[in-house]
Amino acid sequence: MVTLKELPEEEYFLPGNAACAGCSDSVAIRLAFKALGPRTVFVVPACCTSVIQSPFPFTAFASPCLNIAFEAAAAAASGVAAAYERRGVKDVTVLAWAGDGGTADIGIQALSGAAERGANFIYVMYDNESYMNTGIQRSGSTPYGAWTTTTPTGKKQHKKNLPLIMAAHGIPYVATACVSYPQDLIAKLRKAKEMKGTKYVQILAPCPPGWRFPTDKTIEMGRLAVRTGMWALFEIENGNFALSGPSAALVEKAKRKPVEEYLRMQGRFRSLTKEDVIVIQEWIDKMWEKYKKLQLDV
Ligand SMILES: Cc1ncc(C[n+]2csc(CCOP(=O)(O)OP(=O)(O)O)c2C)c(N)n1
Ligand code: SF4
C-alpha cells in the first residue's frame, strides 16, 4: 500500500498551466509524475493534456513530452520505446497519455496494434467521457444519457468497456483507477512500470465544465462514481481479474449507492427521465454481475 509520506515532495507537473479550475486530468498527471518520477517521457496526442502541457512559455511538464497527432499516441509511444531499447536505455518510462476520444475512438487502431506487438510502454487513458478540448462532443466512452453538444437529448448508447477490450489482447496489465483514490492510482502505475510489454490504465477523470458541476466537487464526483458502481476499480494482471480499492467491497448490490446520487450532481444528466435512470442502474448491475463472475473465474 502506498503511503502519502513516501511520495516525493518534488513537483514535476508545474503550476501556472492552462488547465481549468478543478481539472482532474491535471490531478492525474501530478500523481503520475509522483508515481513514476521525472525519468518519464510523455507521449500526448491532441487533447486537453496537450493544451495544458504545451503552450510556450508555460510548458507544464518538467520532463520530455512528445505532442503527436490525435490518432497516433500508441504508434508514437511504440517508436519512442523502441528507440530507447535500441540505445540500451533502461531507466526511462514511456507513458502515452490520451483522452477517451484519442483512445476509445480514433486511437484504438494504433493502440490495438501496439498491444498485439507487445510494445513496451504504459498507456493511460484519462477518461473525462467526452471530447472536451474541442467543446464537449460525445465519444465511445460517454455514458448513456449524458448531454454533450453532439447528443443534445442525451446519448443513446452505453459506454464502451475499453479495459475489457484491452484485456482481450492478452497484455500483462490492465487497470482502472480514479483521481479520487490517489494511493490506488499510484500503486497501479508503479506496478505497471515494473512490467514489460503494453500496460493499459484507464483513469476516470471528472471534468467540471464538461460534466457541469462546481469546480470544488471534482474529487467528490469521482468518489460517487466509485461508490455507486458507475466506475469500478479493478486490475487484470496476467489475465487474472480482481476488484481493487473500495470497489472490492461493493460486489453485492446492496453495498453500492443508488446511481441517482451520482447523476443528480451533474448538469449533463439533468434531462434524464426516470426510465433513463433505470436503464443506467440496470447497466451498472449487469456490469457488476460480469465483474463478479470474472473474479470468481480466477
Ligand atoms: C484527425 C483529427 N481529427 C480531429 C482533431 C481535432 N481534435 C483535437 S483534440 C480533439 C478531442 C480530443 O478528445 P479526447 O481525446 O477525449 O481528449 P480531451 O479533449 O477530452 O482531453 C479533437 C476532435 C484532430 N486534432 N485530429
Ligand atoms: S475541459 Fe475538463 S479535462 Fe479539459 S482542462 Fe478543462 S477540466 Fe480538464
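All ligand and atom numbering here is 1-based and tracks the order in the structure.
Heavy atoms from other residues, nucleotides or ligands lying under 6.0 Å from CD of E260 number 12 at most. More than 12 heavy atoms of other residues, nucleotides or ligands lie within 6.0 Å of CD in Q157, so this atom counts as buried by the packing criterion.
Side-chain contact between V27 and T218 is absent, with no heavy-atom pair separated by less than 4.5 Å. Counting only heavy atoms from C-beta outward, the side chains of F234 and S247 never approach each other to under 4.5 Å. F61 has its side chain out of reach of L14: every pair of non-hydrogen atoms, C-beta onward, lies at least 4.5 Å apart. Contact annotation: the side chain of Y131 approaches that of D105 to within less than 4.5 Å [non-hydrogen atoms, C-beta and beyond].
Counting the atoms of ligand 1 from 1 in the order shown, those under 4.0 Å from a heavy atom of T134 are 7 (N), 8 (C), 10 (C), 11 (C), 22 (C), 23 (C). Using a 4.0 Å cut-off to heavy atoms of G99, the atoms of ligand 1 that qualify are 14 (P), 15 (O), 16 (O), 17 (O). Near Y126, meaning under 4.0 Å from one of its heavy atoms, ligand 1 places the atoms 17 (O), 18 (P), 21 (O). Proximity to N128 (heavy-atom distance under 4.0 Å) selects the following atoms of ligand 1: 18 (P), 20 (O), 21 (O).
Salt bridge absent: K255 and E252 never bring a charged side-chain N and a carboxylate O closer than 4.0 Å. Under 4.0 Å is where a charged nitrogen must lie from a carboxylate oxygen, and between E11 and R30 at least one such pair does. Residues K191 and E235 are paired through a salt bridge, judged by an N-O separation under 4.0 Å between the basic side chain and the carboxylate. Classification of E261 and R227 as a salt-bridged pair fails, no side-chain N sitting under 4.0 Å from a carboxylate O.
In this structure, Y173 has its ring center at least 6.0 angstrom away from the ring center of Y200. Aromatic rings of F269 and F213 (six-membered ring for Trp) have centroids beyond the 6.0 Å cut-off, not under it.
Here S50 has no heavy atoms under 4.0 Å from ligand 1, in either its backbone or its side chain. At a 4.0 Å heavy-atom cut-off, ligand 1 touches D100 through backbone and side chain alike. The part of F70 lying near ligand 1 is the side chain, judged by heavy-atom distances below 4.0 Å.
Looking at ligand 1, you won't find any N or O of I106 less than 3.5 Å from one of its N or O atoms. When only interatomic distances are considered, the shortest N/O to N/O separation between G101 and ligand 1 falls below 3.5 Å. On a distance-only criterion, T49 and ligand 1 share no N/O pair closer than 3.5 Å. Looking at A46 next to ligand 1, no N or O pair under 3.5 Å apart turns up.
Protein heavy atom at the shortest distance from atom 15 (O) of ligand 1 is G102 N, 2.7 Å. Protein heavy atom in closest approach to atom 17 (O) of ligand 1: C47 CB, 3.3 Å. Closest to atom 13 (O) of ligand 1, if we only count protein heavy atoms, is Y131 CA, 3.4 Å.
Rounding to the nearest 0.5 Å gives a distance of 8.0 Å between OH of Y126 and CG of D100.
Distances shorter than 2.8 Å separate atom 8 (Fe) of ligand 2 from the protein N/O/S atoms C23 SG.
For R268 and W211, the positive end sits near the middle of the six-membered ring, less than 6.0 Å away and at most 45° from its axis.
Between the choices N133, D25, V51, the shortest heavy-atom distance to atom 9 (S) of ligand 1 belongs to N133.
Using 4.0 Å as the threshold, S130 has a heavy atom nearer than that to some atom of ligand 1.
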